[in-house]
Amino acid sequence: MSLTLFDLSGKTALITGSSRGLGRAMAEGLAQAGARIVLNGHNAERLQSAAEEMARAGAEVIVARFDVADEAAVVAAFEALDADGVAVDILVNNAGIQFRRPMLDLETADWQRVIDINLTASFVVGREAAKRMAARGRGKIINIASLTSELARATVAPYTVAKGGIKMLTKAMAAEWGEKNIQANAIGPGYMVTDMNEALLSNPDFDAWVKGRTPMRRWGLPEELVGTAIYLASDASNYVSGQVIYVDGGMVSVL
Ligand code: GCO
């Protein structure tokens with residue numbers, strides 16, 4: 001009985017920003033747990049090659065190309081999925097960008113772009129998914145938070161503010177959508193080996209800081225999010241909502 005709780009067979013998962021990085025790792029992991037995957041990105045070439053690679057590995061993959069920050073495109077994408085009879089049971093709001101600059105030098109337009117993509121888009125995509133989940137009487141929403149949902153680091157203010165907002169958006173979703181049997185939770189990755197962190201990984205001082213500051217003394221690997229993603233996407237978490245689970249080697253819990 002216990003392991004079937006984690007079985008995602010018959011479920012469809014939309015993961016935004018899933019042609020690479022953390023989103024791609026979670027898409028592959030949810031596919032291995034049995035889910036059909038709706039792969040999303042805004043770069044057509046990267047999205048198509050990711051879908052082909054996953055299909056060759058045996059995953060059932062649908063491509064949904066849209067920019068999460070373009071509300072009209074998001075609405076149209078969900079209408080297209082409706083028309084194709086594709087019901088999204090699991091949403092992973094993963095798409096996000098980083099923009100590192102001290103606030104004294106930060107243009108408001110750059111601030112706004114990070115907020116639009118990393119926070120507002122999760123509300124818009126979440127709302128469109130939840131409308132349909134509510135009609136079906138069940139759904140799983142997994143927002144991707146961050147260590148910066150709890151702690152600030154200099155030079156990443158808009159990202160920090162957005163990720164702090166993601167933590168509270170997750171609780172707001174839990175508050176409003178619990179009665180519709182939608183569970184909304186978040187995963188807070190630690191310092192992970194991703195393209196977005198290339199500049200940090202290749203900086204010896206920052207690399208040493210991460211290893212010293214993390215109890216496990218190492219960076220995390222994208223595939224190390226998969227177990228938590230499967231748990232939050234599955235029946236194993238049907239009475240869990242509003243939570244943030246940090247997958248961070250212990251970093252957020254220690255000084
Ligand atoms: C940075 C990093 C972090 C990590 C992650 C930590 O510049 O500090 O990009 O933001 O990516 O979000 O949880």
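Every number for a ligand or one of its atoms is a count from 1 in the order of the listing.
- When side chains are defined from C-beta on, Ile187 does not count as touching Val244, because their heavy atoms never get closer than 4.5 Å.
- In this structure, ligand 1 sits under 4.0 Å from heavy atoms belonging to Gln98, Arg100, Ser146, Leu147, Arg153, Val156, Tyr159, Pro189, Gly190, Tyr191, Met196, Asn197, Leu200.
- Side-chain atoms of Ser146 and Lys167 form no donor-acceptor pair, as typed in the model, at a separation below 3.5 Å.
- Scored by the side chain to side chain donor-acceptor pair (under 3.5 Å) test, Lys163 finds no partners at all (sequence neighbours excluded).
- Evaluation of the ring pair (Phe, Tyr, Trp, His ring centres under 6.0 Å) test over residues 191-224, restricted to residues two or more places apart or in two chains, returns Tyr191-Phe206, Tyr191-Trp209, Tyr191-Trp219, Phe206-Trp209.
- Using a 4.0 Å cut-off between a side-chain N of Lys or Arg and a carboxylate O of Asp or Glu, Glu71 and Arg127 qualify as a salt bridge.
- Not a single ring pair (Phe, Tyr, Trp, His ring centres under 6.0 Å) links Phe6 to another residue, sequence neighbours left out.
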